[in-house]
Amino acid sequence: MDEKQIISRLNTEQAEAVRTAEGPLLILAGAGSGKTRVLVHRISYLINVLGVWPGSILAITFTNKAADEMKSRVEDLIGPDSGKIWVMTFHAACVRILRRHAEELGYTRYFTIYDSDDSLSVMKDIFKAKRIDTKRFREKQVLALISSAKNELVSPDRYAETAGKDFYSREVGSLYEEYQKRLLASNAMDFDDLIGKTIELFKRFPDILGLYQDKFRYLMVDEYQDTNTAQFSLISLLAEKYRNLCVVGDDDQSIYRFRGANIRNILNFEQIFPDAKVIRLEQNYRSTGNILEAANAVIRNNRGRKDKKLWTENEEGAQVRFRTFENGYEEADFAADEIRRSVSEGKASYRDYAVLYRTNAQSRLFEEKFIFRSIPYKLVGGVNFYARKEIKDLLAYLKTVNNAVDDLAVSRIVNVPKRGIGQTTMTKIQNFAYDGGLSLYDAAVRVGEISQISASAAGKVRSFTGFIERLREEAGQLSVSSLLKKVVEETGYKDMVKAQDDEETASDRLGNIEELVNKAVQYETQNENPTLSGFLEEVALIADIDSVSDGDDKVLLMTLHAAKGLEFPKVYMAGMEEGIFPGYMSINSEDALAAIEEERRLCYVGITRAEKLLTLMAARERMVRGNLERFPVSRFVREIPREMLESGKAPASRTRLSLPGSGPLGPAKAFAPSGKAAGGNAAFGRSFPGGRASGGLSGGGVSSVRKSANAPKPEAAKKTSAGAPSKGTLSYAVGDQVNHVKFGNGVVREIVDRKKDFEVAVDFPAWGTKRFLAAYANLKKVE
DNA sequence: GTGCCTGCTCACGGG
DNA sequence: GAGCAGGCAC
């Protein structure tokens, strides 16, 4: 494709952006203004017109889905050479660099990537080991602080320095240090480390940085408004030498402040790069005039944004609709009914629709109604596939084979499925590992040297390590999927699932296992050089949204966050209520102003997803965490001038809220739906406007449901009798001194002959009298 | 050693 | 409403 062809497909501003190949460039790309089009054509221009070598281009996106889309569109334009371009997410690019240079930083190239669940497990272990009072510190909170520290490039050392005398900060600092120590010992990095360690690599080894600066002479960053300080620093380092940095973003769509996104990166780009060229893309090709006007009306209430106004040549289209309902059920039913009707009348396909909401918890009602009306849908988000227990277990086997010093993976699977290696044995192995500076796995291999472990327990440990050894030997010859299948078969994992779950759950989980095997096969076919660590890496970096494909004729259900970058002919935005959206957390937050502006940007993102028809929905009352709450209509709805909204009849609803005027809101601080602020008395917590205390709804009703759900099943009796140990005889009598693993030595005070076993009462000097069943207590007579 | 029950806590968004 | 730690029963 030559220059003329490329330019002919673009408008004036787009063409200018494509032609600006050298120097810093900021493209302010409004929603639906064709920014992917610009990026793709810019790459084509660099290669086809300027003769740039494809391997010297690095294009960074935030999701794999965006990267894949860009890759395939570039391939359409320039052909197979496109494979040489690095089009990938921040995290993937960093992993690729780190695998090559991990040794320099004290890791091996087989390092494991920890997701947030993994990080939480590590932190819980640390809390236990350091006996941290969980009333004063919370694991998640500490992790959040560590994460923000990493996003701001604050090392444990510097954290400790700046903590000063503040007790809390000092403690967090020491937890941060310990956390990093454990990750390094496990040859593991968390998501933030992937960025941070790459920066560390570049800063400590200027020659390595130089290598990549020379390689990536042309840098492009998509969704630039969502970069955090660390990511910005990474880009700056790479761009320092040749300064060919093109960033594309929209400050109005910055919605990831909570995970460290620094909106100043885009707002101050021209200060940081004074010679930067700025190009604005303000023509929208996606939405109707009415939808765009509504979006503009909402977003103009934000301060501190770059001035811009989207416009379109598209038709005005239908008015934006606003519907109110008695409750969340009616809201969901309305959308389901409309969708089903217009599809059955042949006016639309399921894939034309998306339902967007603020929180994942809101999806349930829609799922119910969609199932009830047989509407095919796909739920994006919620519990990530790779976060499911069975998937994490099986992957932990692969991780152990790949990186045996990953203590977290080892402790996850050492007794899953059950092989009789319980907490007691594990504690002994852990102590041995700790004393000798060994990994858990190495300690387990040397189980014979641990004197307190009985021969039978040691045998069980050996059969585990033997199994891993065999897998490791075969890993060289076997494909990833064959290795995975072997793990599933030889551990008896499926039998465990069938035995411990009810039929429906078991079939779900077995399906997930099949799905994982499929993913492994898919990975092998799609990669020229498939490796075990390559597969684990791909799996670690995948996001739920990545699985959404245009092929399925399904309604999409997802959060507003997940919807960024997507577009649909018809969009429903649910839960347009004060307290839901904007959420009460932002209304009540310390910097409510900034928090609500971020919510407003989220609303803007939602509105601009719609091409032809947008429906805003609100319910008068809804169940929030088991409590019935009432919320007024969202301020965002009120920010759209009345005459722009069509608030016609809502067939599913009998009573409708009248549309409130656009006057100022009442006191925002009134929201405290969780009841926390009221010192535990839930009735006082529900202080919604005009609130009536609907006490009594939570307690009794909920627990009676739980009871009936857990009614004993007929097979319960069978299970227990099968698993019970035999009674046998005792090696000690009343008055004897005995030893217990946890409580130490004590004196037997009483032995009672129960039907199946002896009940033994023992006096311990430090613990008082404890009662055990002999078969389980494993008491040993002290001679 | 393990499974089950209970009470407690937490609770927005996600790579 | 859900997930989890801790206690209890077998």
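Lettering of chains follows the sequences in order, A, B, ..., and the numbering in each one begins at 1.
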Student: With A:Ala540, which residues qualify under side-chain contact (heavy atoms from CB on, under 4.5 Å), at least two apart?
Tutor: A:Ile113
Student: Reading 5' to 3' and counting Watson-Crick or G-U wobble pairs with both distances under 3.5 Å, write the dot-bracket notation for DNA chain B, | for bases paired outside the strand.
Tutor: ||||||||||.....
Student: Using the six-membered ring of A:Tyr604, assess whether NZ or CZ of A:Arg601 lies under 6.0 Å from its centre and within 45 degrees of the ring axis.
Tutor: no
Student: Check every strand shown and say whether A:Asp115 touches a base, only sugar-phosphate, or nothing at a heavy-atom separation below 4.0 Å.
Tutor: nothing
Student: Using atom NZ of A:Lys124 as one end and atom C1' of B:dT9 as the other, report the distance to the nearest whole Å.
Tutor: 11 Å
Student: Return the value, rounded to whole Å, for the distance between atom CG of A:Asp226 and atom C1' of B:dG14.
Tutor: 11 Å
Student: Any side-chain N or O of A:Ser116 less than 4.0 Å from the OP1 or OP2 oxygen of B:dG14?
Tutor: no
Student: Expressed as a whole number of angstroms, how long is the span from A:Met123:CE to C:dA5:C1'?
Tutor: 19 Å
Student: Regarding A:Gly422, tell me which of base, sugar-phosphate or nothing describes its non-hydrogen contacts under 4.0 Å with the strands shown.
Tutor: sugar-phosphate
Student: To the nearest Å, give me how far apart CE (A:Met585) and P (B:dC10) are.
Tutor: 12 Å
Student: Counting only side-chain N and O atoms of A:Asn228, is one of them less than 4.0 Å from OP1 or OP2 of B:dG15?
Tutor: no
Student: Strictly below 4.0 Å: does A:Arg259 bring a side-chain N or O up to OP1 or OP2 of B:dG13?
Tutor: no
Student: Grab the CD1-C1' distance between A:Ile113 and B:dG15 for me, whole Å please.
Tutor: 11 Å
Student: Parallel, tilted or perpendicular: which fits the ring planes of A:Phe636 and A:Phe581, with parallel below 30° and perpendicular above 60°?
Tutor: perpendicular
Student: Kindly write out the residues that satisfy side-chain hydrogen bond (donor to acceptor under 3.5 Å, both in side chains) with A:Asp252, not counting sequence neighbours, or none if the list is empty.
Tutor: A:Arg305, A:Lys308
Student: Would you mind reading off the distance between A:Phe258 atom CZ and B:dG13 atom P, rounded to a whole angstrom?
Tutor: 8 Å
Student: Between atom CD1 in A:Ile255 and atom P in B:dG15, what is the gap in whole Å?
Tutor: 11 Å
Student: Is the distance from OP1 or OP2 of B:dG15 to the nearest side-chain N or O of A:Asn64 less than 4.0 Å?
Tutor: no
Student: Counting side-chain heavy atoms from C-beta on, which of B:dT9, B:dG3, B:dG14 comes nearest to A:Tyr256?
Tutor: B:dG14
Student: For A:Ile60, what residues pass the side-chain contact (heavy atoms from CB on, under 4.5 Å) criterion, not counting sequence neighbours?
Tutor: A:Leu58, A:Phe90
Student: Within the 4.0 Å heavy-atom criterion, would you say A:Phe62 contacts the bases, only the backbone, or no part of the nucleic acid?
Tutor: sugar-phosphate
Student: Taking only the side-chain heavy atoms of A:Thr559 (C-beta and beyond), determine which of B:dG13, B:dT2, B:dG1 contains the nearest atom.
Tutor: B:dG13
Student: A:Arg99: which residues meet the salt bridge (charged side-chain N to carboxylate O under 4.0 Å, His left out) condition with it, sequence neighbours left out?
Tutor: A:Glu537
Student: List, one per line, each side-chain donor-acceptor pair under 3.5 Å for residues 121-130 of chain A, sequence neighbours excluded.
Tutor:
{"residue": "A:Ser121", "atom": "OG", "partner": "A:Asp117", "partner atom": "O", "Å": "3.1"}
{"residue": "A:Lys130", "atom": "NZ", "partner": "A:Ser174", "partner atom": "OG", "Å": "3.1"}

Student: Which of the following nucleotides, B:dG13, B:dG1, B:dT9, is nearest to the side chain of A:Thr425?
Tutor: B:dG1
Student: Take the protein atom NZ of A:Lys140 and the nucleotide atom P of C:dA5, then report the distance between them rounded to whole Å.
Tutor: 11 Å
Student: Tell me whether A:Arg364 is salt-bridged to A:Glu368, with the criterion being a basic N under 4.0 Å from an acidic carboxylate O.
Tutor: yes
